[in-house]
2 protein chains.
Amino acid sequence: MRRSERKRERPDLGILSGRTLFSLQKELFTRLSTMGHAQVRPRHGAVLAYLDVEGSRASDLAAQSGQHKQVIGTLVDELVALGYVERRPDPADRRAKLVVPTELGLDHMEKSDAVLVEMEAEHARAVGEEAYAEFKRVFQLVAERQTGVR
Amino acid sequence: MRRSERKRERPDLGILSGRTLFSLQKELFTRLSTMGHAQVRPRHGAVLAYLDVEGSRASDLAAQSGQHKQVIGTLVDELVALGYVERRPDPADRRAKLVVPTELGLDHMEKSDAVLVEMEAEHARAVGEEAYAEFKRVFQLVAERQTGVR
DNA sequence: CAATTTAGTCACTTATTTTGACCGTCACTA
DNA sequence: TAGTGACGGTCAAAATAAGTGACTAAATTG
């Protein structure tokens with residue numbers, strides 16, 4: 001069997017993760033664009049995916065998303081321009097600024113969470129609820145190991 | 001519970017995939033760089049990951065990796081310059097060129113496959129062989145569904 | 001053999017990522 | 001309470017990457 005065939009039939013963890021990530025992202029943002037959020041691109045996910053309703057610090061967003069601080073800065077600039085978030089001084093630390101979602105931002109966050117839940121529910125129906133739950137459990141362990149061990 | 005906490009404790013499929021992919025990629029290429037392949041970057045994976053020992057067409061590599069043909073062209077240029085692959089006319093189709101790995105390229109492919117197998121084996125030991133096998137099985141189904149449906 | 005596709009490259013334009021320096025706080029400690 | 005090092009965020013610039021449209025040559029279709 002040729003290597004490319006083998007990779008297709010028994011893809012490694014990286015290939016599976018990559019395929020899933022990009023395809024999921026594409027579907028999510030396509031769906032969101034039909035729900036009134038056409039301007040937001042997958043890139044902005046680094047901010048919106050981790051944003052708290054009460055607001056989050058740019059550094060926390062950087063740490064959680066694994067992006068550089070500059071990238072977060074740029075994304076926040078764009079999201080401010082689009083009306084999804086605003087920057088407010090952090091009362092607890094005068095160095096920091098809180099990135100706080102606006103009404104529009106909150107709507108995006110809710111819809112995005114809902115679509116993801118729905119997409120996962122479809123997978124669960126297809127492969128079996130129990131099998132899917134177990135899959136998620138192990139995936140989380142693997143992801144933690146992979147991330148932590150470095 | 002705040003949203004960011006929830007995302008940390010019960011990450012969605014996208015977050016898990018993303019974390020796993022990027023961390024895996026980073027570790028893989030870090031390890032490979034200590035094995036005599038310091039010049040190759042994750043980007044080149046689009047070519048090297050799917051390359052056949054007998055050579056592959058640029059179009060096939062583009063299709064399998066999901067990259068544009070131009071991207072593949074550029075990557076092949078770089079890999080040629082680094083001595084990992086060479087371009088040879090495809091005897092079966094005079095329009096096409098085969099991208100064929102050199103000795104160095106073959107070494108990279110073997111080592112990269114071996115490191116991935118090893119990394120996965122470590123995960124399997126940690127979460128249990130059986131659980132890991134089942135995880136891979138379901139992951140493959142989910143990835144196919146996610147990719148195919150759209 | 002004309003019309004259509006397909007493989008690949010060229011030349012450009014536009015995004016995205018990465019780096020390094022820098023300023024104003026903060027936290028700790030002597 | 002002054003000194004020191006670390007942290008939060010931004011600027012500017014350099015380096016990489018991605019996306020487009022047009023174009024040549026060869027295969028396929030009919």
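Every chain is numbered from 1, with letters handed out A, B, ... down the list of sequences. Predicted model only: the values in this text are computed from it and were never measured. Atom set for the values below is all heavy atoms of this structure, side chains included, hydrogens, waters and symmetry mates excluded.
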Query raised in the report: Under 6.0 Å from the CZ atom of Arg88(B), do we count more than 12 heavy atoms belonging to anything else shown?
Result: no
Query - Crowding at CD, Glu5(B) (>12 non-hydrogen neighbours, <6.0 Å) - result: yes
Short side-chain N/O contact to [N] OP1/OP2 from [X], under 4.0 Å:
| X | N | value |
| --- | --- | --- |
| Arg87(A) | dG9(D) | no |
| Ser59(B) | dT6(C) | no |
| Arg94(B) | dA27(D) | yes |
| Arg43(B) | dA17(D) | yes |
| His68(B) | dG19(D) | yes |

Tell me: [atom1] of [X] to [atom2] of [N], nearest whole Å?
| X | N | atom1 | atom2 | answer |
| --- | --- | --- | --- | --- |
| Gln25(B) | dT17(C) | CD | P | 13 Å |
| Asp93(A) | dA6(D) | CG | P | 17 Å |
| Lys26(B) | dT17(C) | NZ | P | 15 Å |
| Arg57(B) | dT5(C) | CZ | P | 19 Å |
| Gln67(A) | dT16(C) | CD | P | 11 Å |
| Leu98(A) | dG8(D) | CG | P | 12 Å |
| Ile72(A) | dG9(D) | CD1 | P | 10 Å |
| Phe29(B) | dT16(D) | CZ | C1' | 16 Å |

Requested in this report: Kindly say whether Ala96(B) contributes a backbone atom to a donor-acceptor pair with the side chain of Arg57(B) at under 3.5 angstrom?
Outcome: no
[X] side chain, from C-beta outward: closest of [options]:
| X | options | value |
| --- | --- | --- |
| Gln70(A) | dG8(D), dT16(C), dT19(C) | dT19(C) |
| Arg95(A) | dC26(C), dT10(D), dC10(C) | dC26(C) |
| Lys69(A) | dT16(C), dG9(D), dA18(D) | dG9(D) |
| Lys97(A) | dT10(D), dT9(C), dT19(C) | dT10(D) |
| Val71(A) | dG9(D), dA18(D), dT18(C) | dT18(C) |

Query raised in the report: What are the two closest heavy atoms between Val53(A) and Val100(A), and how far apart are they?
Result: O-CG1, 4.3 Å
Query - Aromatic ring proximity, centroids under 6.0 angstrom, Tyr84(B) and His37(B) - result: yes
Query - Sugar-phosphate, base or nothing in reach of Asp90(B), heavy atoms under 4.0 Å - result: nothing
